[in-house]
Amino acid sequence: MSAICEVPGGNIAVAETPMLRWVLAYADDALILGHRLSEWCSRAPSMEEDMALANLGLDLLGQARFLYSHAATLENAAQPALERSEDDYAYRRDAPQFRNALLVEQPNGDFAATMVRHMLYASFADLYWRASLAVSDPAIAAFAARSEKEIAYHERHAADWVIRLGDGTAESRRRAQSALDGLLAFADELFETEADQLPLMAAGAIIDPARLRDAYRHRIEQICARATLSLAWPRWHQSGGRQGRHGEHLGHLLAELQFLPRAYPGASW
Amino acid sequence: MVNETTAQETAWAIASALPDPEIPALTIAELGILRSVELMEGVITVSITPTYSGCPATEMIKGDIETALRDAGFSAVAVRLIHSPAWTTDTLSAATLEKLRAEGIAPPHRGQAPHCPLCGSSAVEQIAAFGSTPCKSLWRCITCREPFDHFKCH
Ligand SMILES: [Zn+2]
(Lines give C-alpha, C1' and ligand atoms only; values in the text may rest on other atoms or scores of the structure.)
Protein backbone atom coordinates (compact mmCIF):
# COMPACT_ATOMS: atom_id res chain seq x y z
CA MET A 1 0.00 0.00 0.00
CA SER A 2 1.35 3.44 -0.85
CA ALA A 3 2.10 5.81 1.99
CA ILE A 4 -0.74 8.20 2.72
CA CYS A 5 0.21 11.80 3.39
CA GLU A 6 -2.04 13.42 5.95
CA VAL A 7 -1.68 16.91 7.36
CA PRO A 8 -2.29 17.15 11.15
CA GLY A 9 -5.87 18.28 11.63
CA GLY A 10 -6.49 18.06 7.87
CA ASN A 11 -8.58 15.53 6.00
CA ILE A 12 -7.88 11.88 6.52
CA ALA A 13 -7.52 9.63 3.49
CA VAL A 14 -9.62 6.58 4.21
CA ALA A 15 -8.57 3.38 2.44
CA GLU A 16 -12.09 2.34 1.60
CA THR A 17 -12.54 -1.40 1.52
CA PRO A 18 -16.10 -2.60 0.82
CA MET A 19 -16.49 -3.33 4.56
CA LEU A 20 -15.25 0.10 5.57
CA ARG A 21 -17.62 1.76 3.11
CA TRP A 22 -20.46 -0.17 4.71
CA VAL A 23 -19.45 0.86 8.24
CA LEU A 24 -19.06 4.51 7.24
CA ALA A 25 -22.36 4.65 5.35
CA TYR A 26 -24.35 3.57 8.41
CA ALA A 27 -22.21 5.55 10.83
CA ASP A 28 -22.63 8.68 8.71
CA ASP A 29 -26.42 8.18 8.54
CA ALA A 30 -26.52 8.10 12.33
CA LEU A 31 -24.13 11.01 12.90
CA ILE A 32 -25.73 13.37 10.39
CA LEU A 33 -29.29 12.65 11.46
CA GLY A 34 -28.25 12.87 15.13
CA HIS A 35 -26.73 16.28 14.43
CA ARG A 36 -29.88 17.43 12.66
CA LEU A 37 -31.94 16.44 15.71
CA SER A 38 -29.56 18.29 18.03
CA GLU A 39 -30.40 21.47 16.07
CA TRP A 40 -33.87 21.25 17.63
CA CYS A 41 -32.49 21.61 21.15
CA SER A 42 -34.39 24.43 22.91
CA ARG A 43 -36.59 24.99 19.81
CA ALA A 44 -39.02 22.04 19.96
CA PRO A 45 -42.78 22.65 20.19
CA SER A 46 -42.88 21.50 23.84
CA MET A 47 -40.52 20.67 26.68
CA GLU A 48 -41.30 16.93 26.39
CA GLU A 49 -40.57 17.02 22.68
CA ASP A 50 -37.35 18.92 23.24
CA MET A 51 -36.19 16.08 25.51
CA ALA A 52 -37.45 13.46 23.09
CA LEU A 53 -35.55 14.93 20.13
CA ALA A 54 -32.39 15.31 22.22
CA ASN A 55 -32.68 11.69 23.35
CA LEU A 56 -33.24 10.47 19.79
CA GLY A 57 -30.19 12.45 18.70
CA LEU A 58 -28.09 11.00 21.53
CA ASP A 59 -29.03 7.44 20.57
CA LEU A 60 -27.92 8.10 17.01
CA LEU A 61 -24.70 9.77 18.15
CA GLY A 62 -23.94 6.74 20.32
CA GLN A 63 -24.62 4.39 17.41
CA ALA A 64 -22.33 6.47 15.17
CA ARG A 65 -19.57 6.34 17.79
CA PHE A 66 -19.68 2.55 17.93
CA LEU A 67 -19.48 2.27 14.14
CA TYR A 68 -16.68 4.86 13.81
CA SER A 69 -14.70 3.02 16.49
CA HIS A 70 -15.25 -0.16 14.52
CA ALA A 71 -13.99 1.60 11.37
CA ALA A 72 -10.91 2.72 13.32
CA THR A 73 -10.28 -0.86 14.44
CA LEU A 74 -10.47 -2.06 10.84
CA GLU A 75 -8.16 0.64 9.47
CA ASN A 76 -5.65 0.34 12.32
CA ALA A 77 -5.51 -3.43 11.85
CA ALA A 78 -4.50 -2.90 8.22
CA GLN A 79 -2.17 0.05 8.95
CA PRO A 80 -1.35 0.52 12.66
CA ALA A 81 0.64 3.71 11.97
CA LEU A 82 -2.63 5.51 11.15
CA GLU A 83 -3.71 5.47 14.84
CA ARG A 84 -7.26 6.27 13.79
CA SER A 85 -9.86 7.21 16.36
CA GLU A 86 -13.62 7.62 16.05
CA ASP A 87 -13.20 11.40 15.98
CA ASP A 88 -11.10 11.29 12.81
CA TYR A 89 -14.09 10.06 10.81
CA ALA A 90 -16.50 12.61 12.23
CA TYR A 91 -14.22 15.64 12.11
CA ARG A 92 -11.60 15.07 9.45
CA ARG A 93 -13.54 14.22 6.31
CA ASP A 94 -15.13 16.64 3.88
CA ALA A 95 -18.60 16.30 2.39
CA PRO A 96 -17.53 14.15 -0.63
CA GLN A 97 -16.04 11.61 1.83
CA PHE A 98 -19.32 11.23 3.73
CA ARG A 99 -21.40 8.18 2.74
CA ASN A 100 -24.73 9.04 4.35
CA ALA A 101 -27.96 8.77 2.39
CA LEU A 102 -29.27 12.15 1.24
CA LEU A 103 -32.42 11.75 3.36
CA VAL A 104 -30.65 12.36 6.68
CA GLU A 105 -28.91 15.59 5.62
CA GLN A 106 -32.16 17.25 4.56
CA PRO A 107 -32.82 20.37 6.65
CA ASN A 108 -35.17 20.06 9.63
CA GLY A 109 -37.82 22.24 8.03
CA ASP A 110 -40.86 22.41 10.29
CA PHE A 111 -41.69 19.84 12.97
CA ALA A 112 -43.76 17.81 10.49
CA ALA A 113 -40.82 17.54 8.10
CA THR A 114 -38.52 16.41 10.93
CA MET A 115 -41.00 13.72 11.99
CA VAL A 116 -41.65 12.48 8.45
CA ARG A 117 -37.90 12.34 7.81
CA HIS A 118 -37.43 10.44 11.07
CA MET A 119 -40.22 7.98 10.24
CA LEU A 120 -38.63 7.32 6.83
CA TYR A 121 -35.24 6.68 8.43
CA ALA A 122 -36.33 4.82 11.59
CA SER A 123 -38.66 2.42 9.76
CA PHE A 124 -35.69 1.45 7.62
CA ALA A 125 -33.15 1.31 10.46
CA ASP A 126 -35.46 -0.80 12.63
CA LEU A 127 -35.82 -3.41 9.88
CA TYR A 128 -32.13 -3.20 9.02
CA TRP A 129 -30.73 -3.64 12.53
CA ARG A 130 -33.21 -6.38 13.30
CA ALA A 131 -32.06 -8.28 10.21
CA SER A 132 -28.46 -7.58 11.25
CA LEU A 133 -28.85 -9.65 14.44
CA ALA A 134 -27.83 -12.54 12.18
CA VAL A 135 -24.51 -11.13 10.88
CA SER A 136 -21.34 -13.12 11.48
CA ASP A 137 -19.38 -10.65 13.67
CA PRO A 138 -20.75 -10.97 17.25
CA ALA A 139 -19.80 -7.34 18.05
CA ILE A 140 -21.83 -6.05 15.10
CA ALA A 141 -24.70 -8.41 15.97
CA ALA A 142 -24.75 -7.14 19.58
CA PHE A 143 -24.60 -3.54 18.32
CA ALA A 144 -27.55 -4.32 16.04
CA ALA A 145 -29.47 -5.80 18.98
CA ARG A 146 -29.07 -2.62 21.01
CA SER A 147 -29.69 -0.30 18.07
CA GLU A 148 -32.85 -2.13 17.04
CA LYS A 149 -34.39 -1.67 20.50
CA GLU A 150 -33.55 2.03 20.43
CA ILE A 151 -34.73 2.58 16.88
CA ALA A 152 -38.02 0.76 17.56
CA TYR A 153 -38.75 3.59 20.02
CA HIS A 154 -37.74 6.14 17.39
CA GLU A 155 -40.05 4.62 14.83
CA ARG A 156 -42.99 4.51 17.23
CA HIS A 157 -42.42 8.11 18.29
CA ALA A 158 -42.12 9.43 14.74
CA ALA A 159 -45.08 7.36 13.49
CA ASP A 160 -47.27 8.59 16.38
CA TRP A 161 -46.50 12.18 15.41
CA VAL A 162 -47.03 11.61 11.69
CA ILE A 163 -50.42 10.07 12.47
CA ARG A 164 -51.30 12.88 14.86
CA LEU A 165 -50.28 15.61 12.43
CA GLY A 166 -51.74 13.96 9.32
CA ASP A 167 -55.02 13.18 11.03
CA GLY A 168 -55.00 16.51 12.88
CA THR A 169 -55.97 20.04 11.95
CA ALA A 170 -56.12 21.29 8.37
CA GLU A 171 -52.84 23.12 8.94
CA SER A 172 -50.96 20.18 10.51
CA ARG A 173 -52.27 17.91 7.75
CA ARG A 174 -51.14 20.31 5.02
CA ARG A 175 -47.65 20.44 6.54
CA ALA A 176 -47.39 16.66 7.03
CA GLN A 177 -48.55 15.98 3.47
CA SER A 178 -46.14 18.54 2.07
CA ALA A 179 -43.26 16.98 4.07
CA LEU A 180 -44.15 13.50 2.84
CA ASP A 181 -44.41 14.64 -0.78
CA GLY A 182 -41.04 16.34 -0.51
CA LEU A 183 -39.12 13.56 1.28
CA LEU A 184 -40.50 10.36 -0.23
CA ALA A 185 -38.08 10.50 -3.16
CA PHE A 186 -35.19 10.14 -0.69
CA ALA A 187 -36.38 6.83 0.82
CA ASP A 188 -35.22 4.44 -1.89
CA GLU A 189 -31.56 5.40 -1.59
CA LEU A 190 -31.56 3.55 1.75
CA PHE A 191 -31.99 0.28 -0.16
CA GLU A 192 -29.14 0.74 -2.62
CA THR A 193 -26.54 -2.00 -2.68
CA GLU A 194 -23.00 -1.51 -3.91
CA ALA A 195 -21.75 -4.23 -6.24
CA ASP A 196 -18.48 -4.76 -4.38
CA GLN A 197 -20.40 -5.40 -1.14
CA LEU A 198 -22.30 -8.37 -2.56
CA PRO A 199 -19.63 -10.91 -1.51
CA LEU A 200 -19.86 -9.60 2.09
CA MET A 201 -23.62 -10.01 1.95
CA ALA A 202 -23.34 -13.51 0.51
CA ALA A 203 -20.92 -14.40 3.33
CA GLY A 204 -23.34 -13.13 6.01
CA ALA A 205 -21.01 -10.35 7.17
CA ILE A 206 -23.55 -7.63 6.37
CA ILE A 207 -27.21 -7.54 5.38
CA ASP A 208 -28.37 -6.52 1.91
CA PRO A 209 -30.85 -3.68 2.50
CA ALA A 210 -32.57 -4.33 -0.84
CA ARG A 211 -34.33 -7.40 0.55
CA LEU A 212 -36.11 -5.24 3.15
CA ARG A 213 -37.72 -2.80 0.73
CA ASP A 214 -41.11 -4.54 0.46
CA ALA A 215 -41.48 -4.79 4.23
CA TYR A 216 -40.44 -1.14 4.52
CA ARG A 217 -42.97 0.08 1.98
CA HIS A 218 -45.67 -1.88 3.74
CA ARG A 219 -44.83 -0.20 7.07
CA ILE A 220 -44.80 3.30 5.59
CA GLU A 221 -48.06 2.64 3.78
CA GLN A 222 -49.70 1.49 7.03
CA ILE A 223 -48.55 4.57 8.95
CA CYS A 224 -49.65 6.91 6.17
CA ALA A 225 -53.04 5.20 5.93
CA ARG A 226 -53.60 5.78 9.65
CA ALA A 227 -52.42 9.36 9.20
CA THR A 228 -54.91 9.74 6.30
CA LEU A 229 -52.03 11.01 4.17
CA SER A 230 -51.92 10.21 0.48
CA LEU A 231 -48.82 8.35 -0.55
CA ALA A 232 -47.53 7.78 -4.06
CA TRP A 233 -44.10 6.15 -4.36
CA PRO A 234 -42.13 8.10 -6.93
CA ARG A 235 -40.90 6.26 -10.05
CA TRP A 236 -37.39 7.69 -9.58
CA HIS A 237 -35.38 8.41 -6.48
CA GLN A 238 -32.72 10.80 -5.24
CA SER A 239 -29.34 9.15 -5.17
CA GLY A 240 -25.65 9.85 -4.75
CA GLY A 241 -25.07 10.19 -1.00
CA ARG A 242 -23.58 6.72 -0.63
CA GLN A 243 -21.05 7.70 -3.34
CA GLY A 244 -20.25 11.02 -1.66
CA ARG A 245 -22.36 13.23 -3.96
CA HIS A 246 -24.27 15.42 -1.55
CA GLY A 247 -26.53 18.41 -1.68
CA GLU A 248 -25.43 21.83 -0.52
CA HIS A 249 -26.94 21.21 2.93
CA LEU A 250 -24.25 18.80 4.12
CA GLY A 251 -21.44 21.32 3.76
CA HIS A 252 -23.22 23.80 6.01
CA LEU A 253 -23.96 21.09 8.57
CA LEU A 254 -20.30 19.98 8.61
CA ALA A 255 -19.13 23.58 8.95
CA GLU A 256 -20.89 23.69 12.30
CA LEU A 257 -20.14 20.11 13.35
CA GLN A 258 -16.44 20.31 12.50
CA PHE A 259 -15.58 23.94 13.21
CA LEU A 260 -13.86 23.46 16.55
CA PRO A 261 -11.62 20.50 15.70
CA ARG A 262 -10.76 22.12 12.35
CA ALA A 263 -9.82 25.42 13.98
CA TYR A 264 -7.96 23.79 16.89
CA PRO A 265 -6.58 20.46 15.63
CA GLY A 266 -6.27 17.88 18.39
CA ALA A 267 -8.33 19.90 20.87
CA SER A 268 -9.85 17.78 23.61
CA TRP A 269 -11.65 18.30 26.88
CA MET B 1 3.98 -10.37 45.53
CA VAL B 2 0.36 -9.48 45.40
CA ASN B 3 -2.05 -12.34 45.61
CA GLU B 4 -3.79 -12.23 42.23
CA THR B 5 -7.09 -13.66 43.38
CA THR B 6 -7.24 -11.26 46.30
CA ALA B 7 -6.39 -8.28 44.09
CA GLN B 8 -9.09 -9.26 41.64
CA GLU B 9 -11.65 -9.75 44.41
CA THR B 10 -10.76 -6.44 46.06
CA ALA B 11 -11.05 -4.62 42.75
CA TRP B 12 -14.40 -6.28 42.06
CA ALA B 13 -15.67 -5.27 45.51
CA ILE B 14 -14.69 -1.65 44.86
CA ALA B 15 -16.04 -1.45 41.29
CA SER B 16 -19.26 -3.31 42.02
CA ALA B 17 -20.13 -0.96 44.90
CA LEU B 18 -19.99 2.16 42.69
CA PRO B 19 -23.36 3.84 42.27
CA ASP B 20 -24.87 4.50 38.86
CA PRO B 21 -24.50 8.26 38.21
CA GLU B 22 -28.13 8.64 37.19
CA ILE B 23 -29.77 6.19 39.60
CA PRO B 24 -27.46 6.40 42.64
CA ALA B 25 -29.65 4.03 44.68
CA LEU B 26 -28.39 1.22 42.46
CA THR B 27 -24.85 0.04 41.83
CA ILE B 28 -23.39 -0.49 38.39
CA ALA B 29 -23.24 -4.21 39.23
CA GLU B 30 -26.95 -4.35 40.08
CA LEU B 31 -27.76 -2.61 36.79
CA GLY B 32 -25.73 -5.17 34.84
CA ILE B 33 -23.31 -2.52 33.55
CA LEU B 34 -20.28 -4.11 35.26
CA ARG B 35 -19.40 -7.30 33.42
CA SER B 36 -16.07 -8.47 34.84
CA VAL B 37 -12.90 -7.50 36.70
CA GLU B 38 -9.74 -9.38 35.76
CA LEU B 39 -6.06 -9.07 36.48
CA MET B 40 -4.43 -9.26 33.05
CA GLU B 41 -0.62 -8.99 32.86
CA GLY B 42 -0.54 -6.83 35.95
CA VAL B 43 -3.37 -4.56 34.83
CA ILE B 44 -6.74 -4.56 36.57
CA THR B 45 -9.04 -4.76 33.56
CA VAL B 46 -12.64 -3.80 34.15
CA SER B 47 -15.23 -4.62 31.49
CA ILE B 48 -18.42 -2.62 31.34
CA THR B 49 -21.25 -2.64 28.84
CA PRO B 50 -23.12 0.47 27.70
CA THR B 51 -26.84 0.62 28.39
CA TYR B 52 -28.20 2.94 25.71
CA SER B 53 -25.96 3.88 22.77
CA GLY B 54 -26.29 7.52 23.64
CA CYS B 55 -26.11 7.24 27.42
CA PRO B 56 -23.67 9.94 28.54
CA ALA B 57 -23.27 8.15 31.89
CA THR B 58 -21.04 5.51 30.29
CA GLU B 59 -18.10 7.95 30.13
CA MET B 60 -18.72 9.01 33.71
CA ILE B 61 -18.88 5.40 34.94
CA LYS B 62 -15.57 4.74 33.22
CA GLY B 63 -14.01 7.68 35.03
CA ASP B 64 -15.55 6.69 38.38
CA ILE B 65 -14.10 3.18 38.13
CA GLU B 66 -10.61 4.45 37.26
CA THR B 67 -10.64 6.96 40.10
CA ALA B 68 -11.97 4.52 42.70
CA LEU B 69 -9.44 1.84 41.84
CA ARG B 70 -6.50 4.27 41.72
CA ASP B 71 -7.56 5.70 45.08
CA ALA B 72 -7.50 2.15 46.44
CA GLY B 73 -3.90 1.74 45.32
CA PHE B 74 -4.25 0.00 41.97
CA SER B 75 -1.81 1.80 39.71
CA ALA B 76 -2.48 -0.03 36.45
CA VAL B 77 -6.18 0.14 35.58
CA ALA B 78 -7.92 -0.27 32.23
CA VAL B 79 -11.64 0.04 31.59
CA ARG B 80 -12.96 -1.42 28.37
CA LEU B 81 -16.35 -1.46 26.73
CA ILE B 82 -17.89 -4.85 25.96
CA HIS B 83 -20.73 -4.88 23.45
CA SER B 84 -21.63 -8.56 23.27
CA PRO B 85 -24.00 -9.75 24.63
CA ALA B 86 -25.99 -6.51 24.49
CA TRP B 87 -27.24 -5.00 27.75
CA THR B 88 -30.87 -5.75 28.54
CA THR B 89 -33.26 -5.04 31.40
CA ASP B 90 -34.29 -8.72 31.29
CA THR B 91 -31.34 -9.67 33.51
CA LEU B 92 -32.16 -7.27 36.38
CA SER B 93 -32.81 -9.30 39.54
CA ALA B 94 -36.08 -9.18 41.49
CA ALA B 95 -34.23 -7.37 44.30
CA THR B 96 -32.99 -4.72 41.86
CA LEU B 97 -36.49 -4.22 40.44
CA GLU B 98 -37.79 -3.73 43.99
CA LYS B 99 -35.01 -1.22 44.75
CA LEU B 100 -36.06 0.76 41.68
CA ARG B 101 -39.67 0.75 42.82
CA ALA B 102 -38.66 1.88 46.32
CA GLU B 103 -36.81 4.79 44.65
CA GLY B 104 -40.07 5.86 43.00
CA ILE B 105 -39.09 4.48 39.60
CA ALA B 106 -41.52 1.97 38.11
CA PRO B 107 -39.41 -1.06 37.15
CA PRO B 108 -39.49 -2.62 33.67
CA HIS B 109 -41.76 -5.59 33.01
CA ARG B 110 -41.67 -6.82 29.45
CA GLY B 111 -44.97 -6.45 27.65
CA GLN B 112 -46.66 -4.70 30.58
CA ALA B 113 -47.53 -1.10 31.34
CA PRO B 114 -45.95 0.09 34.60
CA HIS B 115 -47.79 0.29 37.90
CA CYS B 116 -47.59 3.44 39.99
CA PRO B 117 -44.52 2.97 42.24
CA LEU B 118 -46.15 5.10 44.95
CA CYS B 119 -49.66 3.65 45.32
CA GLY B 120 -49.48 0.54 43.13
CA SER B 121 -52.35 1.60 40.89
CA SER B 122 -52.48 0.26 37.35
CA ALA B 123 -54.46 3.31 36.20
CA VAL B 124 -51.52 5.18 34.69
CA GLU B 125 -50.82 7.17 31.55
CA GLN B 126 -47.67 8.10 29.68
CA ILE B 127 -46.77 11.78 29.59
CA ALA B 128 -43.58 11.50 27.53
CA ALA B 129 -41.80 8.56 25.92
CA PHE B 130 -38.44 10.18 26.67
CA GLY B 131 -37.91 11.21 30.27
CA SER B 132 -35.13 12.57 32.46
CA THR B 133 -32.57 10.05 31.14
CA PRO B 134 -32.42 7.84 28.02
CA CYS B 135 -33.49 4.77 30.06
CA LYS B 136 -36.65 6.33 31.49
CA SER B 137 -40.04 7.53 30.30
CA LEU B 138 -42.35 9.89 32.18
CA TRP B 139 -45.75 8.72 33.44
CA ARG B 140 -48.58 9.95 35.63
CA CYS B 141 -50.76 8.01 38.05
CA ILE B 142 -54.47 8.66 37.56
CA THR B 143 -55.32 7.33 41.04
CA CYS B 144 -52.89 9.33 43.21
CA ARG B 145 -52.16 12.02 40.57
CA GLU B 146 -48.39 11.78 41.07
CA PRO B 147 -45.98 11.79 38.11
CA PHE B 148 -43.30 9.10 38.08
CA ASP B 149 -40.37 7.77 36.06
CA HIS B 150 -40.59 4.39 34.37
CA PHE B 151 -37.43 2.42 33.68
CA LYS B 152 -38.07 1.31 30.09
CA CYS B 153 -37.73 -2.25 28.89
CA HIS B 154 -34.61 -2.61 26.79
ZN1 LIG C 1 -50.34 6.34 42.25
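Within every chain, numbering begins at 1; the chains are lettered A, B, ... in the order of the sequence lines, protein sequences first and strands thereafter.
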| said: Applying the side-chain contact (heavy atoms from CB on, under 4.5 Å) criterion to Phe98(A), which one of Leu254(A), Leu253(A), Asp29(A) satisfies it? | reply: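 Exactly one candidate clears the test, Leu254(A).
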| message | Taking side chain as everything from C-beta outward and backbone as N, CA, C, O, which of these in Thr51(B) sits under 4.5 Å from a heavy atom of chain A? Side chain, backbone, both or neither. | response |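 The backbone, not the side chain.
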| Thr133(B) versus chain A, heavy atoms under 4.5 Å apart: side chain, backbone, both or neither? |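 Backbone only.
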| What part of Arg65(A) gets closer than 4.5 Å to chain B, counting heavy atoms only: side chain, backbone, both or neither? |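 It is the side chain, since no backbone atom gets that close.
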| task | Check whether the side chains of Arg146(A) and His83(B) place a donor and an acceptor atom closer than 3.5 Å, and report yes or no. | result |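 Yes, a side-chain donor-acceptor pair sits under 3.5 Å.
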| Do His70(A) and Phe143(A) have their ring centres less than 6.0 Å from each other? |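 No; Phe143(A) has its ring centre 6.0 Å or more from that of His70(A).
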| query | Partners of Pro19(B) by side chain to side chain contact (heavy atoms under 4.5 Å, CB included), sequence neighbours excluded? | reply |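 Residues passing side chain to side chain contact (heavy atoms under 4.5 Å, CB included) with Pro19(B): Pro24(B).
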| field | Residue selection (most heavy-atom pairs with chain A, distance under 4.5 Å) from Ser137(B), Ala128(B), Ala129(B), Pro134(B) | value |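 Greatest number of close heavy-atom pairs with chain A: Pro134(B).
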